[in-house]
Protein chains: 4
Amino acid sequence: MKMKRAIQQQDKETRKKNILQSALDVFFNKGFKAAKMDEIASNANISKGTLYLYFSSKEQLFVELIQQIASPKVNQVEAMVNNDSTLEDKLNLFKQHAKNMLVDQQLPKLMKIIISDSGAFPELVTTYREMIVDRALKTMSQIIKRAQSNKECRQGDPIELAQLLVAPVIFSAIWRIVFEPSGATKINIDSLLALHINMLKQVLIVKDRVDEDAI
Amino acid sequence: MKMKRAIQQQDKETRKKNILQSALDVFFNKGFKAAKMDEIASNANISKGTLYLYFSSKEQLFVELIQQIASPKVNQVEAMVNNDSTLEDKLNLFKQHAKNMLVDQQLPKLMKIIISDSGAFPELVTTYREMIVDRALKTMSQIIKRAQSNKECRQGDPIELAQLLVAPVIFSAIWRIVFEPSGATKINIDSLLALHINMLKQVLIVKDRVDEDAI
Amino acid sequence: MKMKRAIQQQDKETRKKNILQSALDVFFNKGFKAAKMDEIASNANISKGTLYLYFSSKEQLFVELIQQIASPKVNQVEAMVNNDSTLEDKLNLFKQHAKNMLVDQQLPKLMKIIISDSGAFPELVTTYREMIVDRALKTMSQIIKRAQSNKECRQGDPIELAQLLVAPVIFSAIWRIVFEPSGATKINIDSLLALHINMLKQVLIVKDRVDEDAI
Amino acid sequence: MKMKRAIQQQDKETRKKNILQSALDVFFNKGFKAAKMDEIASNANISKGTLYLYFSSKEQLFVELIQQIASPKVNQVEAMVNNDSTLEDKLNLFKQHAKNMLVDQQLPKLMKIIISDSGAFPELVTTYREMIVDRALKTMSQIIKRAQSNKECRQGDPIELAQLLVAPVIFSAIWRIVFEPSGATKINIDSLLALHINMLKQVLIVKDRVDEDAI
DNA sequence: GATGAATGAGTATTCATTCAT
DNA sequence: GATGAATGAATACTCATTCAT
């Protein structure tokens, strides 16, 4: 059965979105090499030929998929720092963003794809890291650095502190993506992140009174 | 040139080890689907045909590889709990084990393979998780639970505390495996784990009474 | 952008001519199999769909192209014989016709197509041969035969003499079509044909005086 | 049914020859684009996979085929000039070589392939032309030039004379390759070449003195 | 009538697996 | 036991043809 034609530019964009969504599923489940263009096409309810009207090759589809997903996330990450509340507020905000990201799953799925196909697409890993990962960690470490100069935060390498802040989010992402589908106990994201952030606040945030700090 | 025949049982085992090591490299770098039996064979200095004298199929080689690597790790993990020192000692020990694991890279590589091919081998993920991950987390959480009943450790869900304990190790593993080859700043494992464990000690360990500690 | 409708019969014919011209270029450059309908269409400034309003298939377009080009040539060839001048005049006329044909290139291009796709279209080769080649050779051989009975021309198989007359034209056509585009020294058609015809005249034409002929 | 294995280097060469022979047939009949690797393989009584053990791609097979056929011909052509007999002897020798070439058909088939796929492989045309065609024509024109300086041959551009010498051979090749399979009257090569060479001798060869000739 | 989006049969190429040597 | 030549199923990609707009 023939698909309705996408004559309008708008329809074409929609069609492209459908294909990218289907591609995300298939690349995510199978990895680049094992993903079949046929499967991506039929999951998007189009024929193989139509796929090639929108993307000139498997590789181009793959690369564009990564970019489409990754791009909007950059700003979200950056948004967190343009906000001059207290460190505590920022940690709370981070918790919220992290939760959304984990629930939405797009970024975790992307992460899984990147991990899987890092060997075959080293440039992609570089791009993704520079665009998202380095940026996010840099943003976080700047927040911490600023808080440290305010005496709001305890001392310690800001980059390593940012890594420790982020680690449980990565852990949760992998858990959900890799282990839960195979029957693992589900992680309670809310609870885990709350515990994580609470503990961090306890160690990081300097209480105003000098004497309390004197451990 | 023909390879020497592996007449002795011992030689056979050595040959198998070589193949598995080669397979680990190739599966790790390419993923299951993109890995070529030819490459695994030639990296092990044997012919393609010989490969099939030791493993009946690519899939069987893959499965056996996972098991061969995973099995010995189970005991290492379990060893940590058979030791009734203080929580602080145990956290130090964990730090040491974690560092070794990250330096040795076998387990991180296995982790990458599992993540990559989880879609194609769900049973394998289950096995790996039950054998290693669940066991490790359960062990950690038991340590914490015990410490909590000793009043040595603050309250909080022991499983989630174990997850937070483990998270930076996972993070470091992924960083080293995925990002460092593509040019990321290298993680200082020692320093990061030290910071992590120190912070954890600060929040978790209950200082009983000042005088007891001072002995 | 939509093309103007070819409402008038005249427009239709023009459109068809355009398509055939475009098809000639493409079939000539690529051969039947490698020629793309898309390219033929866009070179004719119409859409792929429109092509099918004029020709029901690639094959039909091909066949019709051959016929369209070949047909008018038949009469040109035949025209040469309906002319009762001397053999020398006829050879001069042949030289002129040959030169025009080589300069115009349509027939040489057709020849290249026929050679290339003879395997796939044997009936076409038959048609083309019967319509053009056999006819031309027969015409030539009749001229020669007639001249022989006039004692204007030396003896010898008229068909073979016709073939030898034509051979340098075929040679020149191939040279121009195949070799010149890849950098070969250009043939000087005028000069080559003049030499050819002069030499032929020397051997063929019987000078009036009996004693000179007595070799 | 599996083919016997080519273990010895010699067997491999034989296998390669078989494939090239099959490829010649198929490329000759269909042209490069329409030729199917499957057909080449099955005509050589091997599987498609085996083809790729000997040639890495269709294009490489094509190029190697051209070279394999063309290379040995170069020397044959050159051989004609290393011989300091009279021009008449050389023309007779040429007649003989030309006949052999036409009967053997390998070079005519190659010529047809070159003509057909000249558009897609311009470098190949260049190579073939430089290796064979230019060389042959240059050889012929040198023979003529030398004969002209000996006063053995009449004046005229040696290159054009060489082209006229060669033209009927090209004509015959095309006739046999393209027209005879579709039912054309067969050319009598012997007779046509004899007539051609005789006529050439008449115009070209300068009879020194009547009495010398009369011995 | 004209368009070009959609289709799917057709083809080059790869690679796990077999098995004659 | 070891080898690597042979196989053919599997898969990315192309392009003639159709037909909704």
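Proteins get letters first, then strands, A, B, ... in listed order; numbering begins at 1 in each. Below, all heavy atoms of this structure are taken into account, side chains as well, without hydrogens, waters or symmetry copies. Owing to the predicted nature of the structure, the values given are computational and were not obtained by experimental measurement.
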In terms of relative ring orientation, are B:Phe27 and B:Phe62 parallel, tilted or perpendicular, with 30° and 60° separating the classes?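 Correct class here is perpendicular.
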Between [N] atom [atom2] and [X] atom [atom1], what is the distance in whole Å?
{"X": "D:Lys16", "N": "F:dA5", "atom1": "NZ", "atom2": "P", "result": "13 Å"}
{"X": "A:Phe55", "N": "E:dA6", "atom1": "CZ", "atom2": "C1'", "result": "16 Å"}
{"X": "A:Lys4", "N": "F:dT21", "atom1": "NZ", "atom2": "P", "result": "7 Å"}
{"X": "B:Leu51", "N": "E:dT18", "atom1": "CG", "atom2": "C1'", "result": "13 Å"}
{"X": "D:Gln60", "N": "E:dT13", "atom1": "CD", "atom2": "C1'", "result": "14 Å"}
{"X": "A:Leu53", "N": "E:dG8", "atom1": "CG", "atom2": "P", "result": "13 Å"}

Please determine whether the number of non-hydrogen atoms from other residues, nucleotides or ligands lying under 6.0 Å from atom CD of A:Gln10 exceeds 12.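 Counting other residues, nucleotides and ligands, CD of A:Gln10 stays at 12 neighbours or fewer.
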For DNA chain E, the expected dot-bracket line (Watson-Crick or G-U under 3.5 Å, [ ] crossing, | inter-strand) is .||||||||||||||||||||
Which residues in residues 21-46 of chain A have at least one heavy atom lying under 4.0 Å from any atom of DNA chain F?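 When residues 21-46 of chain A is checked for heavy atoms under 4.0 Å from DNA chain F, the hits, listed by number, are A:Ala35, A:Lys36, A:Met37.
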Nearest-nucleotide wise, let me know which of C:Gly49 and D:Thr50 is further upstream toward the 5' end of DNA chain F.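 Closer to the 5' end of DNA chain F: D:Thr50.
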So, B:Lys109 and B:Asp25, do they make that salt bridge, N to O below 4.0 Å?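 Salt bridge between B:Lys109 and B:Asp25, a charged N being under 4.0 Å from a carboxylate O: yes.
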Give the residues of residues 6-13 of chain A touching DNA chain E, defined as any heavy atom closer than 4.0 Å, sorted by residue number.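 Within residues 6-13 of chain A, the residues near DNA chain E are A:Ala6, A:Lys12.
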Kindly say if [X] contacts the phosphate of [N], meaning a side-chain N or O under 4.0 Å from OP1 or OP2.
{"X": "B:Tyr52", "N": "F:dA2", "answer": "no"}
{"X": "A:Tyr54", "N": "E:dA6", "answer": "yes"}
{"X": "B:Arg15", "N": "F:dG1", "answer": "no"}

Has A:Ser22 got a side-chain atom pairing as donor or acceptor with A:Asn18's backbone, closer than 3.5 angstrom?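 It does not hold such a pair.
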Just so I know, are the side chains of [X] and [Y] near enough to count as touching, which here means a heavy-atom distance under 4.5 Å?
{"X": "A:Asp117", "Y": "A:Leu124", "answer": "no"}
{"X": "B:Lys36", "Y": "B:Lys48", "answer": "no"}
{"X": "D:Thr50", "Y": "D:Arg15", "answer": "yes"}
{"X": "B:Lys33", "Y": "A:Phe32", "answer": "no"}
{"X": "B:Leu65", "Y": "B:Gln68", "answer": "no"}
{"X": "C:Tyr54", "Y": "C:Leu20", "answer": "no"}
{"X": "C:Thr127", "Y": "C:Ile66", "answer": "no"}

D:Lys58 side chain, from C-beta outward: closest of F:dT3, E:dA12, F:dA5: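 Within the option list, the nearest is E:dA12.
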Taking all non-hydrogen atoms of both residues into account, name the closest pair between B:Thr126 and A:Ser182 and its distance.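 What the structure gives for the nearest pair is OG1-O, 3.3 Å.
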Polar pair under 3.5 Å, donor/acceptor by atom type, side chain B:Lys48, base E:dT17: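 Result: at least one qualifying N/O pair found.
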